[in-house]
Amino acid sequence: MTDSAPIRPEARAPRGFADRRGRDLMAERRIVEAVAPVYERWGFEPLETPAFEYADALGKFLPDADRPNAGVFALQDDDEQWMALRYDLTAPLARYAAENWETLPKPFRRYAFGPVWRNEKPGPGRFRQFVQCDADTVGSDRPEADAEIIAMAAEGLAAAGLEPGQAIVRVSSRQLVNGVLEAAGVSDPSQTLAVLRAVDKLDRLGLEGVRLLLGEGRLDESGDFTKGAGLSAPGAQAVLDFLAVGAEGGDDVLGALDAVVGATASGRAGLESLMRIQSALKAMGVGPDRAVIDPSIVRGLEYYTGAVFEAELTLPVTDDKGRPVRFGSIGGGGRYDDLVARFTGERVPATGFSFGVSRLAAALAASGRTASVARGPVVVIAFSEDDMAHYFAAAAELRAAGVPAEVYLGRAGMKAQMKYADRRDAPAVILLGGDEIAAGQVTIKDLDAGRAGAQGLSDNAAWKAERPGQVTVSRDQMAGLIRAILAAG
């Protein structure tokens, strides 16, 4: 009998899931820490719901009642009921509101953040698990509730690090879209979908490209043909006139829209709602650099019932090769008055805004407005087992002064410890040899200064004299000098 080698699993993360550490996690945490106080100042309370919901509560993602695993990750409990990981934070809110409606304050204002899961094909930048942050008002049908969500979203984006003019919330209405479809003579569901898909390509194809897709179709540069919506010439022109209002902008967007859709019942309802939203935004000090009416926004129209809004990064950004790219949407929302009714049978008005925390972090990085992220700890270098007490005392003094610090606890020499500190993104290291301990001093090596020097600043004599890479000071000066290094960045 021969011994066989043990079978060992391959260490690998599942497809579409990512391990993250350090700066990425801390950048996302900083965003939530910046946005949450904004939402609370507006009177929204935090709510946490379970990662799992019963599958029948999740609606459209469940085409197979026997094994509901399309779109979501589902499992069958020991009572034979199917549960699924939540795919967003809105469906759990609808379930919670329906379950607790009698005891909730009405309207109910809540915000939530946490991971969500999508059982979809992964790809570059497309993950099956990511973090969302939502804010919603349930129980108010007033357009002013939509305006409040829009204004709060704009303030939240500013708190996260985007200044006015660097992101804008574009606002439209499902009712406006219904009005233009009515004006264009569109009633067939498949034709409606074709029109909406054409409109959604406005940014990429322009008005002429949309015109082709509204008619017979379009041949792209590769030779592929996309079948059009088949509208008549007057019908297509009605849609194009509608879109042109958004492209032209101006102070009287609503007046221009009235000329296009004001003759329809849906159009008039949408215009009245947007007028009230616009008035409320003005009263709250939200100008056109932060929110504008834009009828080309057609996101989620099978889901939203009234106002629709989308937050877009407007700063020019480049990819890692310096090429200009359009970053696009960093969040969105709208009015959804039918979701709670799935549970109660009674329509309950609701409106909300959601953004992906990872996507917003990427937007901040792409725009050069990265949220501040805590540095790695100051590392106290270990020279001798006999002096460990001095090392721990120095680290404790730094922590008491509000500076993250650690004692190196591996078994390696000075060179390896310095490499370790660099990998931790430590701003500095503390050197406590026998001479320093005897004299009541510490030697501080400014790693940030070294990094700056490596980028070519070491030739600047004045800068080098002002910020030497290494200095020995008395022990009571240690924490103050480290704070100065942190402040200098």
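We use all heavy atoms of the structure for the numbers below, so side chains are in, but hydrogens, waters and symmetry mates are not. For clarity, every value in this text was computed on a predicted model and none was experimentally measured.
A distance of 6.5 Å separates CG in Leu93 from CZ in Phe108, rounded to the nearest 0.5 Å. Taking CD of Glu45 as the start and CZ of Arg110 as the end, the distance is 10.0 Å to the nearest 0.5 Å. From Gln175, atom CD reaches atom OG1 of Thr305 across 7.5 Å, with rounding to the nearest 0.5 Å. Between the CD1 atom of Ile277 and the CZ atom of Phe309 there is a distance of 7.0 Å, given to the nearest 0.5 Å. With values rounded to the nearest 0.5 angstrom, Thr264 atom OG1 is found 5.0 Å from Glu182 atom CD. For the atom pair CZ (Arg95) and CG (Leu339), the distance works out to 12.0 Å, reported to the nearest 0.5 Å.
In terms of modelled atom types and a separation under 3.5 Å, the side chain of Arg211 and the main chain of Ala236 share no donor-acceptor contact. Between the Arg86 side chain and the Thr49 main chain, a donor and an acceptor come within less than 3.5 Å of each other. A side-chain donor-acceptor contact under 3.5 Å links Asp188 to the backbone of Ser190. One N or O on the side chain of Arg118 and one on the backbone of Tyr87 form a donor-acceptor pair closer than 3.5 Å. When atom types are taken as modelled, the side chain of Asp337 and the backbone of Ala350 share a donor-acceptor pair closer than 3.5 angstrom. With hydrogens and angles disregarded, no donor-acceptor distance shorter than 3.5 Å links the side chain of Arg109 to the backbone of Val138. The main-chain N or O of Gly352 is never found under 3.5 Å from a side-chain atom of Tyr336 such that the two would form a donor-acceptor pair. Under a 3.5 Å cut-off, the side chain of Lys227 and the backbone N or O of Phe225 do not form any donor-acceptor pair. Checked by atom type and distance alone, the side chain of Arg359 pairs as donor or acceptor with a backbone atom of Ser329 at under 3.5 Å. Counting only distance, with no hydrogens or angles, the side chain of Asp224 and the backbone of Asp220 share no donor-acceptor pair below 3.5 Å.
Counting heavy atoms from C-beta outward, Leu274 and Leu176 have side chains that approach closer than 4.5 Å. Between Trp117 and Gln129 the shortest side-chain heavy-atom distance falls below 4.5 Å. Inter-residue side-chain proximity for Ile168 and Asp289 is flagged as unmet; no heavy-atom pair is nearer than 4.5 Å. You'll find the side chain of Arg290 reaches within 4.5 Å of the side chain of Glu155, heavy atoms only. Leu240 is listed as a side-chain neighbour of Val210, based on a closest heavy-atom distance under 4.5 Å. Within the 4.5 Å cutoff, side-chain heavy atoms of Leu157 are placed close to those of Leu360. Between Trp82 and Gln76 there is a side-chain heavy-atom pair separated by less than 4.5 Å. You'll find the side chain of Ser358 reaches within 4.5 Å of the side chain of Arg20, heavy atoms only.
With a 6.0 Å radius and a threshold of 12 heavy atoms from other residues, nucleotides or ligands, Glu272 has its CD atom at or below the threshold. Annotation for Phe113: atom CZ does not count as buried by contact number, only 12 or fewer foreign heavy atoms lying within 6.0 Å.
Note on Asp19 versus Arg21: no salt bridge recorded, every NZ/NE/NH1/NH2 to OD/OE distance being 4.0 Å or above.
Taking the six-membered ring where the residue is Trp, Tyr111 and Tyr39 present perpendicular rings, their angle passing 60° and hence far from 30°.
Between Ser354 and the options Asp134, Thr90, Asp88, Asp136, a side chain to side chain donor-acceptor pair (under 3.5 Å) holds for only Asp134.
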Check your understanding: Going through the checks in order, is the side chain to side chain donor-acceptor pair (under 3.5 Å) test met by Asp241 and Gln237?
Key -> CA-CA 6 Å; Asp241 289 345; Gln237 191 59 49; 2.8 Å; yes
